[in-house]
Amino acid sequence: LFRSRADMVVFDVDGTLCDSMQAIYAAVNEMGPRLGFAPISEARYRQLRGMSIRQIQQALGLSTWKLLRLSRHVRSALLRRAAAMQPFPGVLEQVRSLHQAGYRLAIVSSNQRANIELFLRAHGLDGFLRSGDGGEGGTRRPHDLPRRHRHAGGEPAAARHPALRP
């Protein structure tokens, strides 16, 4: 059986390259009183992270417009904090190692492009990773990766993501 080596490695930012959980958690709790919900515990926040947007909306008792306000506030807060957020231990070394080994590196994220670029620049990764489709049309859907990989000049079959099964 012949297997080709992946020539592109695709990363998400939040929770993969960047430890942004505390920044998002703080932003949600900053906005909570203005939207009519009490600050949430870290344990509750972890539960919410595993829910769909509709489930979060119901769990917090938010109308659609309040959910949109919360989303805008979190994005704005991340932009203010992006450069100060820290990568997970060992991530910088791994990214540089993959780059030196000849892999093309890319990001597919639901985070805004400006946030991604600030984080990458702050940690000297702006020359290594191609900041693809953040925010305004970003995707976290692994099935989109072959198309995006082809757009970046690679072979679709060579795109790899941990959520894709061989």
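Note: F119 and H123 meet the aromatic proximity criterion, with ring centroids under 6.0 Å apart.
Distance alone, capped at 3.5 Å, is enough to place a donor-acceptor pair between the Q55 side chain and the S52 backbone.
The distance from the CD1 atom of I56 to the OG atom of S71 is 10.5 Å, given to the nearest 0.5 Å. To the nearest 0.5 Å, atom CG of residue N29 and atom OG of residue S41 are 8.5 Å apart. One distance of note links CG of L78 with CZ of R75; it measures 9.5 Å at 0.5 Å rounding.
Across N115 and A82, no two heavy atoms sit closer than the pair O-CB, 3.6 Å. The minimum heavy-atom distance between A23 and M85, with the atom names listed, is CB-SD, 4.0 Å.
For residues 35-60, the set of pairs meeting the salt bridge (Lys or Arg N to Asp or Glu O under 4.0 Å) definition, not counting sequence neighbours, comprises E42-R46.
In terms of hydrophobic clustering, with Ile, Leu, Val, Met, Phe, Trp and Tyr side chains grouped at heavy-atom distances under 4.5 Å, I40 and I53 are assigned to a common cluster. Under the 4.5 Å side-chain heavy-atom criterion for grouping Ile, Leu, Val, Met, Phe, Trp and Tyr, L70 is connected to M21 within one hydrophobic cluster. In the hydrophobic clustering of this structure, F88 groups with F11; members are Ile, Leu, Val, Met, Phe, Trp, Tyr whose side-chain heavy atoms approach within less than 4.5 Å, directly or through other members. Linking ILVMFWY residues whenever their side-chain heavy atoms come closer than 4.5 Å, directly or via other members, leaves L79 and M31 in distinct clusters. By the rule that hydrophobic residues join a cluster once side-chain heavy atoms approach within less than 4.5 Å of another member, L67 and M51 end up as members of one cluster.
The one candidate from I107, V95, L105, I116 that meets the side chain to side chain contact (heavy atoms under 4.5 Å, CB included) condition with L125 is V95.
Crowding of Q22 atom CD: a count of heavy atoms from other residues, nucleotides or ligands under 6.0 Å exceeding 12.
By the side chain to side chain contact (heavy atoms under 4.5 Å, CB included) test, R80 pairs with E30, H73, S76, A77, sequence neighbours left out.
Considering only heavy atoms from C-beta on, L48 comes within 4.5 Å of L60 through its side chain. Counting only heavy atoms from C-beta outward, the side chains of D12 and L17 never approach each other to under 4.5 Å. Side-chain contact check for R121 versus L118: some heavy-atom pair is nearer than 4.5 Å. Here the side chains of D19 and Q86 are not in contact, with every heavy-atom distance at 4.5 Å or above.
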| task | Take T64 and Q57, measure what side-chain contact (heavy atoms from CB on, under 4.5 Å) needs, and give me the verdict at the end. | result | CA-CA 8 Å; T64 301; Q57 184 177 6; 3.3 Å; yes
